[in-house]
Chemist: 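The following block contains the structure, expressed as structure tokens.
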2 protein chains.
Amino acid sequence: MTKEKNKGNAGDSILEKPISRRDILRLAGVGGAGLLLGASGVGAILGATGKTALGAAKQSDQEDRIGFYGKHQSGITTPAQDFLMFAAFDLTTDSVDDVRKLFKAWTVASAAMAKGILIGENNENLNLPPSDTGEAAGLNPSRTTITFGVGPTFFDSRFGLAAKRPAALVDLPAFGGDELREEWCGGDIGVQVNANDMQIAFHAIRNLARIARGKAVLRWTQEGFQRTSGSDPAGSTPRNLMGFKDGTGNPDVKDESLMNDVIWAQNGDGASWMAGGSYMVVRRIRIRVEVWDRSTLGDQEATFGRHRGSGAPIGSKNELDPVDLNKKDDNGKPLIPVHSHVALARGDGSIKILRRSYSYSSGMDNRTGQFDAGLLFICYNRDTRKQFIPMQQKLGQNDALNEYIVHNGSAVFACFPGVREGGYIGDTLL
Amino acid sequence: MTKEKNKGNAGDSILEKPISRRDILRLAGVGGAGLLLGASGVGAILGATGKTALGAAKQSDQEDRIGFYGKHQSGITTPAQDFLMFAAFDLTTDSVDDVRKLFKAWTVASAAMAKGILIGENNENLNLPPSDTGEAAGLNPSRTTITFGVGPTFFDSRFGLAAKRPAALVDLPAFGGDELREEWCGGDIGVQVNANDMQIAFHAIRNLARIARGKAVLRWTQEGFQRTSGSDPAGSTPRNLMGFKDGTGNPDVKDESLMNDVIWAQNGDGASWMAGGSYMVVRRIRIRVEVWDRSTLGDQEATFGRHRGSGAPIGSKNELDPVDLNKKDDNGKPLIPVHSHVALARGDGSIKILRRSYSYSSGMDNRTGQFDAGLLFICYNRDTRKQFIPMQQKLGQNDALNEYIVHNGSAVFACFPGVREGGYIGDTLL
């Protein structure tokens with residue numbers, strides 16, 4: 001059984017496949033030989049300059065397949081996919097050689113899954129368990145990325161790697177408002193799977209767990225979602241479960257020098273094996289949605305420091321208008337409250353992190369009858385000590401949001417640099 | 001704040017919006033005035049007959065918005081959307097008038113959500129809690145359907161409706177292999193929300209729960225998914241988490257007389273208020289994925305009675321080939337094992353139900369370290385006593401699948417007939 005994008009003949013497949021802007025360009029002869037369509041026609045369909053059109057075409061390519069190998073791991077500066085399956089693993093072996101074997105096997109499997117093909121060779125032999133569990137067979141790669149990191153406990157005495165622990169991979173201090181529960185904390189290894197399909201994301205973690213058998217076990221998992229790209233073709237900033245846009249202030253991932261400055265660990269940072277990697281912070285933040293839903297729109301906006309509808313800073317009109325904390329109302333009071341989330345998270349604007357969070361809904365809390373729903377906050381930064389920690393210390397103490405949220409899970413991971421083809425996850429360390 | 005599909009100007013919106021086959025037809029002048037594109041060009045893009053092209057265009061329309069009002073509730077014979085949020089509610093009021101008020105409020109809210117517009121009028125007043133929680137603002141309707149039913153307990157002494165309980169709304173008997181847990185069982189009211197967007201589905205249940213405050217509370221909820229339509233543009237039968245196609249044997253929802261025969265309750269069936277409604281059975285079925293993944297492909301196929309890759313009955317080639325239980329191998333043994341799932345579920349073919357199930361992944365079972373994942377089995381039938389129950393009795397006793405699954409949740413609901421515009425959910429009963 002080979003996994004194929006389209007099982008019918010070519011005539012069927014073009015009928016079933018959505019037509020992308022790139023297809024239009026191609027069919028129209030802009031990107032190659034194709035149908036005849038006047039230049040004005042192309043303009044009318046695309047309604048845009050050539051530059052924007054190429055941007056759109058590129059996006060349509062990316063939607064399908066994102067390479068696993070590269071300078072950096074994908075899934076960090078990659079525009080966020082629709083779904084998340086996060087898993088923390090604990091190693092059950094004490095042998096660094098076993099870890100190496102595991103990471104090698106995970107590399108091969110991950111590269112296959114990023115391509116959207118079945119894992120392994122034994123998928124048709126009736127006498128063996130199939131090497132791929134099969135629930136993603138026949139599906140597009142759907143922008144699958146699989147991103148690996150190791151937690152502080154990976155550097156304890158088991159593997160002789162204590163000396164290699166990066167100074168930036170600190171255990172997080174206790175923050176104000178933390179109500180952490182062991183069942184959603186820590187892990188020797190953290191794996192973030194993203195895809196535009198939840199079944200594909202689940203398939204990835206399940207198969208990684210299966211491959212790990214005898215070497216590592218699941219410690220905790222969390223599913224996540226945001227609005228799908230299909231229901232928001234304009235690609236607006238997604239809203240969190242509080243109804244507010246989330247991620248507006250993210251640094252520009254296309255600005256390479258900015259990414260080197262704030263996201264990618266650099267050679268001189270202390271742990272040379274991490275150069276090109278990044279530090280991931282995961283926080284499971286439950287939202288008390290029932291309480292939030294009883295507060296007024298005015299309170300909600302004052303809590304975030306932004307307007308709910310537009311996402312604009314309070315007193316401004318558009319989402320991307322600058323956050324000016326010095327603006328005052330007629331009584332001389334700051335328009336954006338000093339304890340609002342945006343005021344505290346932004347501060348003087350000097351600290352930047354790359355947020356890549358997902359909403360979650362995990363059924364109902366049986367003790368209270370309330371939703372167990374919220375945000376799996378994920379961020380990447382170059383040095384957690386200088387970025388996430390000081391930011392969260394301010395938020396934990398004073399954020400007006402704290403009335404409505406509880407941090408009940410927490411983990412940090414050093415996410416390796418990208419894997420070159422022929423190499424394996426973590427090979428710069430192991 | 002009005003919820004709009006596109007917030008930019010027309011030039012922006014056509015750039016961002018995927019181009020559907022219908023757009024091509026329209027732009028090409030087939031469906032209206034548009035660009036000039038040779039007839040051969042249209043054929044080359046569509047690669048199909050006019051009939052198929054119209055079918056595709058229709059599907060693209062449906063993808064967006066499904067009306068809430070109609071002869072039958074939507075969400076039953078509607079082709080399954082990508083996501084599910086199921087919720088069971090318990091009433092906390094003893095007043096049938098309160099129930100009526102609740103159902104009226106739910107009707108208005110559901111009709112708005114099916115249209116993809118914000119619920120209620122107070123979404124801009126700073127001094128009030130917003131009437132819509134906002135996390136779906138600006139998104140397409142994404143084929144949202146909201147389907148309501150009432151359980152056996154709705155007909156206890158509280159509301160004076162015991163005499164109106166349909167005979168077909170039976171409490172399910174105990175089945176072999178049941179390991180039911182109270183936390184996933186029962187409910188006075190069952191609500192099935194489907195949409196092509198998980199955030200939209202969550203939004204619906206959350207807002208219904210909010211509207212119910214003081215009248216009903218959540219009893220249990222379950223999120224569900226299948227492969228997204230985007231990752232399978234060909235629309236193949238979705239696979240369950242065992243890697244097998246699920247739903248192949250479903251009756252044809254376009255066959256109206258068949259639907260009247262097996263899905264829709266009829267006037268003469270006993271409870272006239274249910275005419276045009278249907279009985280829903282919900283079973284939370286955990287799959288022991290770790291055990292399943294250790295069984296051989298041969299065992300797996302013998303368990304289902306189908307080939308994993310193609311979905312064809314064992315010994316046949318194509319998914320839709322007829323299931324012939326009399327076919328024997330060279331040794332005279334049935335090709336499709338007698339205790340296989342398909343052999344038992346199908347029986348002599350006389351019992352039909354409409355399955356509308358979703359996979360679920362609800363994190364990890366902390367006691368075992370295993371996935372809490374499986375299938376939220378949902379089916380509709382005209383009379384549960386004659387359809388689901390005898391079928392499940394056979395399966396519970398003998399199904400080879402039982403080695404790998406556990407039924408841990410269960411509920412039944414009488415799903416009302418459709419609501420006419422101006423009416424409300426359950427108005428034929430209340």
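Order of the sequence lines sets the chain letters (A, B, ...), proteins ahead of strands, with each chain counted from 1.
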Chemist: At their closest point, which heavy atom of A:Asn123 faces which heavy atom of B:Leu297, and how far apart are they?
Modeler: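 Minimum heavy-atom contact is O-CD2, 3.6 Å.
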Chemist: Between A:Phe83 and B:Phe83, does the ring centre distance come in under 6.0 Å?
Modeler: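 Yes; B:Phe83 has its ring centre under 6.0 Å from that of A:Phe83.
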Chemist: As an exercise, state the distance from OG1 of A:Thr368 to CG of B:Leu218, rounded to the nearest 0.5 Å.
Modeler: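 If we round to the nearest 0.5 Å, A:Thr368:OG1 and B:Leu218:CG are 9.5 Å apart.
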Chemist: With chain A as the partner, which of B:Asn366, B:Val217, B:Leu241 has the greatest number of non-hydrogen pairs under 4.5 Å?
Modeler: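 Greatest number of close heavy-atom pairs with chain A: B:Leu241.
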Chemist: Need one label for A:Ser362: side chain, backbone, both or neither, based on atoms under 4.5 Å from any heavy atom in chain B.
Modeler: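 Answer is backbone: N, CA, C or O of A:Ser362 sit under 4.5 Å from chain B.
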Chemist: How many angstroms lie between CZ in A:Arg308 and CD in B:Glu135, if you round to the nearest 0.5 Å?
Modeler: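 Reported to 0.5 Å precision, the distance equals 8.5 Å.
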Chemist: Do B:Asp293 and A:Thr133 get their side chains close enough for a donor-acceptor pair, meaning under 3.5 Å?
Modeler: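 Judged by distance alone, the side chains do not pair up.
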Chemist: Please tell me whether B:Ser231 and A:Asn140 have a donor and an acceptor in their side chains that are separated by less than 3.5 angstrom.
Modeler: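 No.
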Chemist: Heavy-atom cut-off 4.5 Å, strictly under: side chain, backbone, both or neither for A:Ala87 against chain B?
Modeler: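 For A:Ala87, no heavy atom lies under 4.5 Å from chain B.
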Chemist: Where on A:Asp82 is there a heavy atom nearer than 4.5 Å to chain B: the side chain, the backbone, both, or neither?
Modeler: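 For A:Asp82, no heavy atom lies under 4.5 Å from chain B.
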Chemist: Heavy-atom pairs under 4.5 Å with chain B - which of A:Asn122, A:Asp372, A:Asn207, A:Thr221 has more of them than the others?
Modeler: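 Counting heavy-atom pairs under 4.5 Å, the top option is A:Thr221.
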Chemist: Given heavy-atom pairs under 4.5 angstrom as the criterion, report whether the side chain, backbone, both or neither of A:Ala195 touches chain B.
Modeler: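 A:Ala195 has no heavy atom closer than 4.5 Å to chain B.
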Chemist: Within the 4.5 Å heavy-atom criterion, are B:Leu139 and A:Arg239 side-chain neighbours or not?
Modeler: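 Side-chain contact under 4.5 Å: no.
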Chemist: What part of A:Met242 lies closer than 4.5 angstrom to a heavy atom of chain B: side chain, backbone, both or neither?
Modeler: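 The answer is the backbone of A:Met242.
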Chemist: Is there a side chain to side chain contact (heavy atoms under 4.5 Å, CB included) between B:Glu290 and A:Arg213? Walk through the geometry before answering.
Modeler: CA-CA 10 Å; B:Glu290 293 83 358; A:Arg213 207 168 158 236; over 6 Å; no
Chemist: Are B:Phe225 and A:Phe225 packed together at the side-chain level, in the sense that at least one heavy-atom pair is separated by less than 4.5 angstrom?
Modeler: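 Not in contact.
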Chemist: Name the option with the most non-hydrogen atom pairs under 4.5 Å to chain A; the candidates are B:Ser361, B:Ser295, B:Pro238, B:Ala209.
Modeler: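 If we count pairs closer than 4.5 Å to chain A, B:Ser361 comes out on top.
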Chemist: So, does B:Gln222 use its side chain to make a donor-acceptor pair with the main chain of A:Gly363 at under 3.5 Å?
Modeler: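 Not at all, since once roles are kept as given, no pair shorter than 3.5 Å links the two residues.
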Chemist: Please classify the contact between A:Arg206 and chain B as side chain, backbone, both or neither, with a heavy-atom cut-off of under 4.5 Å.
Modeler: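 For A:Arg206, the contact with chain B is made by backbone and side chain together.
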Chemist: Does any backbone or side-chain atom of A:Arg210 lie under 4.5 Å from a heavy atom of chain B? Answer side chain, backbone, both or neither.
Modeler: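 A:Arg210 touches chain B through side-chain heavy atoms alone.
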Chemist: Between B:Glu183, B:Gln226, B:Gln300, B:Arg294, who has the most heavy-atom pairs with chain A when the cutoff is under 4.5 Å?
Modeler: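 Option with the greatest count: B:Arg294.
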Chemist: Can you tell me how far apart OH (A:Tyr360) and CD (B:Glu223) are? Round to the nearest 0.5 Å.
Modeler: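 One finds 11.0 Å between OH of A:Tyr360 and CD of B:Glu223.
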Chemist: Of all the heavy-atom pairs spanning A:Glu301 and B:Leu126, show the shortest one and how long it is.
Modeler: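 Here A:Glu301 and B:Leu126 meet closest at OE1-CD2, 3.5 Å.
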Chemist: Can you tell me if A:Asp197 uses its side chain to pair, donor with acceptor, with the backbone of B:Thr228 under 3.5 Å?
Modeler: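 Yes.
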